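Below is one structure, written out as structure tokens; comments come after it.
All figures in this text were calculated on a predicted structure; none of them were measured in a lab.
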Amino acid sequence: MSGLRKPPSDAGAQPQSPESARTLVGRPGELETLWSFLADAANRAGSLLISGEPGVGKTALLGAAAARAEDLGYQVVRAGGAEFEVDVSFATLNQILGPFLGMMPQLEPEHWEALGAVISLGGGRVTDPPRVATATLALLRQAAANRPLLLVVDDLPWLDKASARVLAFVGRRVTGSPIAFVGAARTGEAGFFEEGDFPRLMVPPLQDAAADALLQRTFPALPGRVRQRILDEARGNPLALLELPAALGDLRQPHSYTHPDVLPVTERLQAVFAARVASLPPESSELLLLAALEGIGDLRVLTEADSQQEGQDSLEALGPAERARLVFVDPTTRRLQFRHPLTRSAVVGLATDGERRRAHTILASRLADNPERRAWHLAAAALGADEMVAALLEEVAQQAADRGDPVGAVAAFVRAADLSPARTNKFRRMARAAYLGANVTGDLGMAPQLLDESALEQDPDASLMMTLAAAAQLLNQDGALDTTYRLLVNAIDMHIGPFRADDVILGEVLHTLLLVCYFGGRPELWEPFDIAMARLDPEPPLDLRLVSGTLRDPARTAESVLDDLDTAIAKLNQQQDPAHIRRVGIAAVFVDRVGGCRQALWRVVEDGRAGGAITSSIDALFLLGNDDYLVGAWDEVDEVTSEGLRLCEELGYRMLEWPGRFLRALVAAARGDDATVQSMTERMAAWAFPRRVGSVQGYLAQVACQVALARGDYDAAYRHACSVSPAGELASHSTLPLWLILDLTEAAVRSGRSAEAAAHVAAVNQAGVRRLSPRLNLVTLGAAALAAPVQEATVRFDTALAAPDAQLFPFELARIQLAYGEHLRRTAHASAARTQLTQAKDIFDRLRARPWADRAARELRATGKAQLPPQGTPPLAQGVSATTLTPQQRQVAELAASGLTNKQIGERLFLSPRTVATHLYEIFPRLGITSRAALRDALASDDAVTKDGDGRS
């Protein structure tokens, strides 16, 4: 790290430390960890979280880290969350950025604009938290250009959500830079920082000896009996050890502590702080209450007065609180800081309701230049319903939503609804909160209460927002697809006024209806959607047009929107709206263009990880998994779908989870992982069939088709594929037929249904599916080769394998190569067959698609190419040689050993069942066996001889 001084070489077991560290008792291991982190932050994880129970000493360790960092040459910036500022967006971030505002002119314009809005310096409206996060990181890197920087942030759970998201983003990206980040949070309450997998330092309670030493050093005159009682009560909590003796009065009296308090330590600490706060003079208590509610410690706000003398008097009123070690003024930031969060809680808890409301009123009057904080203080001071304050909070909520803070927006909308005297306004604000919660932040809990009020509500926009919130709840928690469908259709039918294309809420309703129709998988569901789309004036918005064109009936409608879709994808890197990125990604799925959306989709995932648009993040993860599946990155499929499924499980988003399970099942089917296939599909089937969720039933059919193909059960594969779309047609209002072109054709050919295979290829060609994407071009050409007469197949296979970008889709490519190799072997072109089969097997091996790799290996052996057997196979029985079976007999024997019937073997090898039976009749005596059950061991022995004796026993 530039400018960083190394610690002394002997700073191991007893690290040299600043005075603040030497005052810590019983923390040598924790201090050594901090010293090592600070000394080598550029080469190790650049962030560290200090976790522990309340009062365990996290803040003290932060102080020690800050002092040590200053000794090492860091510039140190300290900040912390405030319990009463958690709903004020970017409050903590302003503390971080304050010392560096003079550097902002050196930033790029887009970074200036993002930060300008956050700190109210005249920048534009911030619509995307990642922009703010990126700009913050840029400013901090600028600040650390000549001298390393340490960010010290206390009370992470009390950070406002917008700041927490930004700082979590920064914390994940400081590795290797001249910036280090140290934060502290109570165990299990790190919020956004939990998901980032930050390195963490766990701070346990003090050991008995250390606790006793701390108590002895601080209160040496305590009688032994009292000391033991305090040690028993404190249970190693340093804060309790330091505060209990001073707060419990004169513990030397005989009557003291005769009845041990059995309350948990955290509750006793509240009482400890309350006792110390209650002893302050009235003017100090009043100022302390203002500070507790103000949350930032801005002395200008806390001491504002009509005259300079009154302001000076206010500062002097801090003296008793400082002497009681309840607060201190940070010498760098000149902000008032509480020494422990529980002090702030105790101050507020001791105040009466009237005192708290008066303090909030005072603060509101002093914050006229900060409308957001002023509105929250006015809300806290309100006695009851107050439309003026509710309207101010509604503006705050809208601003939070605009700058990409949906969590803050929900909090403000809910409080605005609480303060609304008119039922219409109350419902509108609650509906907006419920809509954001259900469709953005992942909170489905507010929708049910809105359903009870819906029949009486006359506000069209509020009714539509309520409908959207209710739809999310019905779909995901109850799976009531048909009920949701009727709810949405009725809401559209009852919509009053014009069908404006720029009506955002109406557009959201149509997007939701579109997805319900898609998941329903029934053509008759689409008519109300089509009618509503036709009514939009002047024309449907771009997102709705793209998703409708590619999801509604892609075989017939997708081509008409491809140019607009390609343009939208090209512009995604300049787009910030997670919903727009997600919808463009959805439109790209079935025309195989998700690859162009990946960078933008990952931004959506990062936004969700930071607590932003969770639902968009889930969809983005599955869209990325979809692309990973097509390009053969199957391990990545497991990774991204696991994250998405975990979010669905935690938040109750059942409808969103099925694409993820579908992708996991497809990979498992191709790899022969029956256990995973079963675990993925059982839940899908139990949920989808009773609710008539047609698309999920289609997912199940495609997975079953893949399983059957991998096993060589072509008759079953054909039945499953035809349940989605019959041979010879592409089912209307369905996307899955585009994924089953090669599957259905191969299953038809292998099961002796040549006419059906040819008819299906003809239907695909007539629909012009080849024009939609390179992958669909490849599978269409491959299907045509499979269905072609023998005399035409070679030319058609060569055409398919020469398709542009064929190598980008390895699984489909390898399947076509396998089919081509089988054709060449049957037409006595063994050498050419081996080339295709070897290439196919290499791809299957890389994908770990074991059933397909085994099939390619069997075909290779049938061409006469020797395959090395597994090590450790038993020796062949005396007198039997590896030359006893012809290549075709060997192939028949292996398929029979795998459990296939004579009919199934015949379908795979294009032989009649009678010919298969004849081969087995000849094979059994040559291998010295009398039943199919002995085939596997006999073949293993045959392989061993092939390896050991080159065909000679």
Side-chain angles (χ1 to χ4, degrees), residues 59 78-98 119-120 153-155 157-163 273 277 280 282-306 310-322 324 326-330 332-382 389 392-393 396 408 411-412 415:
T59 300
R78 299 189 66 166
E83 183 178 9
F84 304 102
E85 290 284 329
V86 293
D87 294 319
V88 179
S89 299
F90 298 113
T92 307
L93 186 61
N94 273 271
Q95 298 179 47
I96 294 287
L97 299 180
I119 62 177
S120 301
V153 184
D154 205 353
D155 299 326
W158 285 353
L159 265 59
D160 63 279
K161 301 301 186 294
S163 296
F273 286 118
V277 171
L280 295 175
E283 59 272 18
S284 297
S285 297
E286 291 173 6
L287 185 57
L288 218 56
L289 178 59
L290 284 177
L293 296 176
E294 188 266 347
I296 292 179
D298 189 337
L299 291 175
R300 291 170 299 178
V301 174
L302 297 176
T303 61
E304 182 178 308
D306 295 333
E310 290 179 4
Q312 184 64 34
D313 291 344
S314 295
L315 281 175
E316 291 178 357
L318 285 175
E322 290 186 275
L326 295 172
V327 295
F328 69 96
V329 176
D330 188 297
T332 302
T333 64
R334 300 303 299 166
R335 291 184 182 273
L336 185 69
Q337 303 285 331
F338 284 87
R339 291 192 177 275
H340 192 276
L342 291 178
T343 308
R344 182 182 289 113
S345 299
V347 168
V348 176
L350 279 175
T352 66
D353 179 68
E355 289 170 338
R356 288 193 293 267
R357 286 190 292 102
R358 178 177 176 275
H360 280 298
T361 302
I362 292 172
L363 290 171
S365 70
R366 296 178 181 179
L367 290 167
D369 60 344
N370 192 318
E372 182 174 358
R373 294 179 64 199
R374 176 174 176 266
W376 278 108
H377 284 296
L378 287 174
V389 178
L392 290 176
L393 271 181
V396 168
R415 182 63 178 132

Taking Val348's backbone N and O only, do any of them form a donor-acceptor pair with Arg356's side chain (distance below 3.5 Å, no angle check)?
yes

Looking at Ser163 and Leu93, what are the two nearest heavy atoms and their distance?
OG-N, 3.0 Å

Nearest atoms (heavy-atom pairs only) where Leu393 meets Arg415
CD1-CG, 3.3 Å

Gap separating the CG atom of Leu326 from the CD atom of Gln337, nearest 0.5 angstrom:
14.0 Å

Value for CG (Leu350) from CG (Leu288), rounded to nearest 0.5 Å, stands at 10.0 Å

Closest heavy-atom contact between Ala317 and Ser284?
O-OG, 2.6 Å

Heavy-atom pair with the smallest gap, counting every atom of Pro371 and Val396:
O-CG2, 4.3 Å

If every non-hydrogen atom of Ala375 is compared with every non-hydrogen atom of Val389, which pair is closest and at what distance?
O-CG1, 4.1 Å

From Glu294, Arg357, His360, residue fulfilling side-chain hydrogen bond (donor to acceptor under 3.5 Å, both in side chains) relative to His377
His360

Arg358 side, atom CZ; Leu290 side, atom CG - distance, nearest 0.5 Å:
8.0 Å

Once rounded to the nearest 0.5 Å, what's the spacing between atom CD1 of Ile362 and atom CG of Leu367?
11.5 Å

Thr92 and Trp158: side-chain contact (heavy atoms from CB on, under 4.5 Å), yes or no, with the steps?
CA-CA 9 Å; Thr92 307; Trp158 285 353; over 6 Å; no

Spatial distance of atom CZ (Arg78) from atom OG1 (Thr59) [nearest 0.5 Å]
8.0 Å

Reported CG-to-CG distance for the pair Leu289 and Leu280, which is rounded to 0.5 angstrom
12.0 Å

Hey, does Glu322 have a side-chain heavy atom less than 4.5 Å from the side chain of Val329?
yes

On a heavy-atom basis, which atom in Leu159 and which in Gly81 lie closest, and how many Å separate them?
CD1-N, 3.5 Å

Hey, does the side chain of Arg373 reach the backbone of Val88 with a donor-acceptor pair shorter than 3.5 angstrom?
no

Could you go step by step and tell me if Leu299 and Leu318 meet the side-chain contact (heavy atoms from CB on, under 4.5 Å) rule?
CA-CA 11 Å; Leu299 291 175; Leu318 285 175; 4.2 Å; yes

